[in-house]
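Notes to accompany the following structure.
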Amino acid sequence: MARRPRVLGTVGTALLAAALPATVLPAEAMSLVPAGPPAGTGGPPGERRAPDQEGSVEAADLLAATGACAPVSKGKYRTDEGAAATVPVCGATGAVFWKADMDIDCDGQVTAHCNTTTDPWFQDTTAFSQSDGKPLNSEKLPFVVVPAPSDRWNHTASGIRGGGVVAVVHGGRVQYAVVGDTGPVGIIGEASYATADGLGIPAHPQRGGVASGVTYILFKNTRVSPIENHEEAVRLGDTLARKFVRENGRTGAK
């Protein structure tokens with residue numbers, strides 16, 4: 001999948017806008033509610049919505065359990081092209097995690113907010129597919145992007161695979177997702193339009209995302225089936241998150 005270059009600041013955004021066209025448990029079984037405009041902003045639909053908490057585990061407890069990093073990657077990742085490599089993949093009991101930015105992956109099925117007009121880097125495929133063989137729907141399905149396997153880190157060697165359960169934490173909120181796509185071997189920190197929208201992060205593929213403050217917790221040896229079943233991802237994710245906090249507590253990664 002193509003990596004979307006980050007545009008920082010209002011000047012960069014204006015220039016770009018002018019230049020571009022306007023389980024451990026078995027898994028089985030709610031589509032994400034379609035995105036709406038943020039309350040009180042008057043912005044265009046799909047830019048941002050008021051986030052809702054998913055599951056029963058507090059963001060603070062998950063963050064406390066990821067307070068220290070025991071690297072499992074052989075080196076660090078960049079968050080964007082040209083940035084310094086500062087992000088390791090960390091090991092913990094039952095999971096791996098990293099703390100990075102969030103760029104928006106809009107690849108997969110063509111939708112109102114994810115298409116070649118809204119996203120000049122759009123690709124109509126994702127590394128992992130729905131149960132009917134179609135690519136994932138970035139606008140509706142919360143999923144995260146993992147770096148393609150390399151000598152630095154191979155996600156499959158850590159028990160991470162397509163459909164694996166993920167807890168994404170930002171701004172005091174928790175959003176459950178699945179592993180749904182792969183990205184460049186040297187860059188980390190990307191998730192689907194729906195993941196960003198669920199966390200209250202601007203989700204536009206060109207102007208959206210956030211520069212820091214996102215924690216991605218990927219639970220080992222898990223799988224949602226079918227991969228597009230978000231309700232099941234939330235159910236499994238909540239169980240796994242409680243176990244993760246219990247096993248890792250405030251002592252950090254193990």
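Position 1 is the first residue of the sequence; numbering continues from there. Remember, it's a predicted structure, so these values are computed and weren't measured experimentally.
Closest heavy-atom contact between W153 and P147: CZ3-CD, 4.1 Å. Contact record, P202 with A196: O-CB, 4.3 Å, taken as the closest heavy-atom pair. Listed here is the closest heavy atom pair of A167 and V174: CB-CG1, 4.5 Å. Smallest separation of non-hydrogen atoms from V224 and P226: CG1-O, 3.3 Å. The nearest pair of heavy atoms linking G91 to F97 is O-CE2, 4.1 Å. Smallest separation of non-hydrogen atoms from A241 and V57: CB-CG2, 3.7 Å.
Taking the charged nitrogens against the carboxylate oxygens, E231 and R235 have no contact shorter than 4.0 Å, which rules out a salt bridge.
Remark: side-chain polar atoms of Q206 are paired, donor with acceptor, to backbone N or O of T118 under 3.5 angstrom. T222 places a side-chain N or O within 3.5 Å of a backbone atom of V165 that can act as its donor or acceptor partner. Side-chain atoms of T182 never come within 3.5 Å of backbone atoms of V146 as a donor-acceptor pair (strictly under, hydrogens ignored). No donor-acceptor pair closer than 3.5 Å links the side chain of R173 to the backbone N or O of A59.
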Set out, in order, the CA-CA distance, both residues' side-chain angles and the distance that settles side chain to side chain donor-acceptor pair (under 3.5 Å) for D238 and S56, then state yes or no.
CA-CA 7 Å; D238 197 47; S56 62; 2.9 Å; yes
TODO: Could you check R161 against R223 for side-chain contact (heavy atoms from CB on, under 4.5 Å), going step by step and ending with a plain yes or no?
DONE: CA-CA 8 Å; R161 54 180 174 165; R223 185 170 179 267; 3.7 Å; yes
Point to revise | Pair V166-I217, side-chain contact (heavy atoms from CB on, under 4.5 Å): steps then yes or no | key: CA-CA 5 Å; V166 186; I217 304 170; 5.7 Å; no
Applying side-chain contact (heavy atoms from CB on, under 4.5 Å), run through V89 and I188 and close with a yes or a no. CA-CA 9 Å; V89 177; I188 208 165; 4.0 Å; yes
Item to complete: Apply side-chain contact (heavy atoms from CB on, under 4.5 Å) to the pair M102 and L199, showing each step before the final yes or no.
Response: CA-CA 11 Å; M102 182 182 286; L199 288 167; 4.0 Å; yes
Q.
side chain to side chain donor-acceptor pair (under 3.5 Å), that's the test. Do E228 and Q130 meet it? Break it down for me.
A. CA-CA 6 Å; E228 65 268 23; Q130 293 184 163; 5.0 Å; no
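Residue pairs that meet the disulfide bond (SG atoms under 2.5 Å apart) test with at least one member in residues 108-159, sequence neighbours left out, are C106-C114.
Considering only heavy atoms from C-beta on, I187 stays 4.5 Å or farther from T79 through its side chain. The shortest distance between side-chain heavy atoms of L62 and T215 does not fall below 4.5 Å. Inter-residue side-chain proximity for P149 and H155 is flagged as met; some heavy-atom pair is nearer than 4.5 Å. In this structure the side chain of D101 reaches within 4.5 angstrom of the side chain of D80, judged on heavy atoms. A heavy-atom distance below 4.5 Å is found between the side chains of S158 and V96. Contact of the P205 side chain with the W121 side chain is not registered, since no non-hydrogen atoms from C-beta on lie closer than 4.5 Å. Side-chain contact between C90 and W98: absent, with no pair of heavy atoms (C-beta onward) separated by less than 4.5 Å. In this structure, V87 and K99 have side chains that are not in contact, with every pair of non-hydrogen atoms separated by 4.5 Å or more.
Distance CG/D107 to CZ/F143: 7.0 Å, rounded to 0.5 Å. The CG atom of L63 sits 11.0 Å away from the NE2 atom of H170 when rounded to the nearest 0.5 Å. Remark: D119 CG to H204 NE2 distance equals 8.5 Å, nearest 0.5 Å. Atom OH of Y77 sits about 4.5 Å away from atom OG of S150, to the nearest 0.5 Å. Rounding to the nearest 0.5 Å gives a distance of 7.0 Å between CG of D181 and OG1 of T125. Distance CG/N154 to CD1/I160: 11.0 Å, rounded to 0.5 Å.
Between F219 and F244, the ring planes lie perpendicular to each other; the angle is over 60°, past the 30° to 60° tilted range.
Side chain to side chain, E139 and N137 fail the donor-acceptor criterion of an N or O pair below 3.5 Å.
Atom CG of D151 is surrounded by 12 or fewer heavy atoms from other residues, nucleotides or ligands within 6.0 Å.
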